[in-house]
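All ligand and atom numbering here is 1-based and tracks the order in the structure.
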Amino acid sequence: MNWLKKSHTSRPAATRRNSIRPVLEGLDDRIVPAVTYHGGPVIPHVEVQNVFYGQGWNSDTWGIGRYVLNKFQSDITQSPYMAMLGEYGVGRGHFGGYDTVAGASSPADYTTVQEGTIQNMLASEIVGGRLPEENGQRLYFVYLPANVASQFDVDHGFLGHHRSFQMQMPHTINLGFTQFTYYTTDTVYYAVIPNPVGNATWPGLNSFQQQTKVSSHELAEAVTNPDLSGGWWDSDRYIYIHSPLGWYATPNPHYGDEIGDYANNDVVSFVANGTTYTVQKEWSAYLGYSIIARGNSEWWLNQPTSGWPFTHTWSYGVQFNNGPAETLHRGIGVDGAFYMNWEISPGDYSGWFTLA
Ligand SMILES: [Zn+2]
């Protein structure tokens, strides 16, 4: 989700123990809220499928508008932007392909598309074989053309959003003399990115910059909280603050936030595969602040692509050259390799590398 509203609008209320939580991040006599894991899936190695939905895409005559968004997804999914999500059990992914749905039944310019219509379109494209079936790793990014509004985003004041839905997927097996069709219930993870032209805008960004900024937000959230029920989000309803009279609770303004929401205002330039993009930083639940890699691959040696999630992790702080405290994270991946994360100077850069 994005901007102004919290994404918990689409998830059931969480239960929480009614005792004061154990000490987590003690910071200036207050226990800060935190993004935590609630079970269920994450997307360890995402495959992004772009879907260009709406009649306006017919005017993308040379395909440049689609090319740059496809290249962005290709560059970002293979970059440190994904490897930085290691603490959430997520690593690098890739771009799978794209589909253009711009026929007469797709949204015309100056119309508003309903969420159910988007979901039905995705299901139809998947059943029809024009998009690959979900496999637990695929994330479908629906890009709307200029002057098409998304009802869900209008209703919530979002610049984009991510959700999931379930569909029945037919499968046919040939028994030699007859064919037999059975159905599986597939959970489809998707994001919707309206075009800034004719819709709400982020101050100071051009249209492409807003599309990549919002896409990075939804990408980081969707891979860490794909079904909006389990996954990583902040389920603390209250912040506990220590005063001379004791502890008291105040409502947590971040309740329901996912990692993209925590980093929503941290807009930065990020180099992925040699191209500079406008993205958000990423919230580190462990560190308690937003981080971004330099995008310099030299810091990303032997990054884990198969070791997630870690079976054991531990961390400790160290100090280099009398500078600010640095943090090292170490872990053993499910592939048995030993990994270390080297996070230097808040907001500067970090990298994963294997020790052995
Ligand atoms: Zn969000």
Quick check: does [X] have an N/O/S atom under 2.8 Å of the Zn ion (ligand 1)?
{"X": "E218", "value": "no"}
{"X": "D261", "value": "yes"}
{"X": "H161", "value": "no"}

Do N147 and D109 have side-chain N/O donor and acceptor atoms under 3.5 Å apart?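 Side chains of N147 and D109: no pair found under 3.5 Å.
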
Parallel, tilted or perpendicular, as decided by the 30° and 60° cut-offs, for the rings of F152 and H161: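 Ring orientation, 0 to 90° scale: tilted.
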
Partner set under side chain to side chain donor-acceptor pair (under 3.5 Å) for R130, not counting sequence neighbours: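 Here the qualifying residues are E125.
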
Side chain to side chain donor-acceptor pair (under 3.5 Å) against Q137, all qualifying residues, sequence neighbours excluded: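 So Q137 forms no side chain to side chain donor-acceptor pair (under 3.5 Å) with any residue.
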
